[in-house]
Amino acid sequence: MTEPDAPRKLNFIEQIIEQDNEAGKWDGRVQTRFPPEPNGYLHIGHAKSICLNFGLAEKYNGRCNLRFDDTNPAKEDQEYVDSIKADIRWLGFDWGDRELFASDYFDQLYAWAVQLIQAGQAYVCELTAEQTREYRGTLTEPGKNSPFRDRPVEENLDLFQRMKAGEFADGSRTLRAKIEMTHPNLNLRDPVMYRILRVVHHRTGEQWCIYPMYDFTHGQSDSLERVTHSICTLEFENHRPLYDWYCDSLDIYHPQQIEFARLNLSFTITSKRKLLELVTSGHVRGWDDPRMPTISGMRRRGYTPESIRQFCERIGVAKFHSVIDMTVLENSVREHLNQVAPRVMGVLRPIKLVIDNYPEGQVEEMVAVNNPEDESAGTRQVPFSRVLYIDQEDFREEAPRKYFRLKRGGEVRLRYAYIIKCEDVIKNEDGSIRELRCSYDPDSKSGMPGAGRKVKGTIHWVSAEHAVDAEVRLYDRLFVKENPYDVAEGEDYKVNLNPASLETLSACKLEPALAGVGSGRTFQFERVGYFHVDADSRAEHLIFNRTVSLRDSWAKFETRSKK
RNA sequence: UACCCGGUGGUGUAAUCGGUAACACUACGGAUUUUGAUUCCGUCAUUCUAGGUUCAAGUCCUAGCCGGGUAACCA
């Protein structure tokens, strides 16, 4: 009964679009826009918005503009513009030639402000910022009119022109919309339209000393771009009446603002201000630190665009304020990488293992499958010899019943090679393990008739003499609490930072196929996880970032049985 | 105690005009496996509450409860 290609159920925005299309509301057009302020790097929350806006345009044969909302030069910078463009492109979206800036509309916005003054709907106010706040009232008390509210139109026109001309000091005057100081929605209590700000703008330089506020910019920018559905996050819901008021009062093309719930991810923060704080305070190494939820951080960590888009598809769109579990993100990248990542063997914490009955000096090339999910990836040869490294985790002197890796006196299969038996454990003076002495079963080589013999476990290994050295960076969640803002009175979210979010292993041993591998590539270290060659990696000093570990039901079982 | 928005399994998202609460992920159990991976199969709901309308309510009505947002010359 189920249709094989049944379209996914529509989210509430798609429903609005389809209803509009049916009603012929926008002549069937769909025009969206992604409107970042260039005051920080994009993060996973923005990815949701990007996928939504660009995705909707793709789905309905529309267009999505990239528009920088650059009306506050005090916080904005060209560096951010560049990074934002790179990130969106990397995610796989294209805005064509529509790289737009709100600052492109400054002249038009100014003309519209004059128009409102002329219509008696705006006035120049001389209240200080603090007074403005007092006059606004509170959530439960009405505001009161500014003493400057009823200035004659001519005087407002003159004053506003002089504000623009730079005759007045920063903060000394504002242009405000004349709406209703007792309105229950504070945004309608004569909102500020323009403020005086002598700051060099990253694009307009010193051309302007007055800048429009977000509310007086956004709707009109949408209008100029003939946007149909102006999609933003829930906190702008209370601004919609003002968005509508400006469009209506100006009598211009009027897009529809639609709000959705922003992404919240467990164990992470998505506040540009706070992410910036982590960067400047040195808690992370930069905006692209692989622990950061930024697009650039995730890219460096090894996340793929496909996995992020899949994630955004999976979490859906609604108006309900929800928290997505981090594992959903991790699972999305596992799913993609499982399909495409070549397999290799890498030993993170090496123990030396000597096979006493294996001929000294002999080297065999074992045939290994590059990707069981992709036959076309072929096979490769991995050298095997008498002295190997295996991972510390794969050996226990005293092993629990269900531990089926290597134990004293026990057998295990070496992946793509022989079955070995641990005969002896040689220790250092401090009691730590120096090396394992083993024997191997010559008939058990993979592919040979005797290889069918069943042993419980299979572990990975690297031939010591052929091994490539590497540094591996293991990342864990940046915060120890599911909700990083869950802190005691007077404390800061930074107390929840995970002190063990980065563990650097510098003596890792990898199979020789990885020698000199270039940055940007991702491999699955079999049985361990997915690892991405870091941007700083060099042929003579390889650096791998762990993107995500493999699912580990043994680790889960073990921690559970300890409790 | 103002205004706005919201409430469906552990998590998130669906459910056409009111008509058997579905899908995905997690978790748990099992099968397969030379990656304890992958894959496959199975299990997991008083739709916030209480009334009401109706043959029939997640959906409509009423009252309540709970959660979030809003008082930058930020966006």
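Every chain is numbered from 1 and lettered A, B, ... according to where its sequence line falls, protein lines coming before strand lines.
Here A:Tyr214 does not pack flat against the base of B:A75, since the 5.5 angstrom centre distance and 30 degree tilt limits are not both met.
Rounded to whole angstrom, the span from the CG atom of A:Asp325 across to the P atom of B:G10 amounts to 14 Å.
Taking the nucleotide of RNA chain B with the nearest heavy atom to each of A:Asn72 and A:Ala417, the more 5' of the two is matched to A:Ala417.
B:C4 sits 14 Å from B:A71 when the C1' atoms are compared, rounded to a whole Å. Across B:A37 and B:C28, the matching P atoms stand 12 Å from one another, rounded to whole Å.
Within the 4.0 angstrom heavy-atom criterion, no nucleotide atom of any strand lies near A:Val455. Residue contacts shown for A:Arg176 are absent, as no nucleic acid heavy atom lies under 4.0 Å away. Contacts of A:Ser266 with the nucleic acid, taken as non-hydrogen atoms under 4.0 Å apart, are absent. Nucleic acid contact for A:Gln524: base, since at least one base atom lies under 4.0 Å from a heavy atom of the residue.
The partner of B:A22 is B:U13, by the rule that a Watson-Crick or G-U pair needs both atom distances under 3.5 Å. In this structure B:A27 sits in a base pair with B:U43, meeting the Watson-Crick or G-U test at under 3.5 Å. With both pairing distances under 3.5 Å, B:U70 is matched to B:A2 as a Watson-Crick or G-U wobble pair. Here B:A63 sits opposite B:U49 as a Watson-Crick or G-U wobble pair (both hydrogen-bonding atom distances under 3.5 Å).
In summary, A:Arg415 and A:Glu511 do not engage in a salt bridge, as defined by a charged side-chain N under 4.0 Å from a carboxylate O.
The only option from A:Lys456, A:Lys421, A:Lys454, A:Arg453 that meets the salt bridge (Lys or Arg N to Asp or Glu O under 4.0 Å) definition with A:Glu411 turns out to be A:Arg453.
Separation of the A:Tyr243 and A:His239 ring centroids does not fall under the 6.0 Å cut-off.
Applying the 90° cutoff around 0 to the glycosidic angle, B:A72 is assigned syn.
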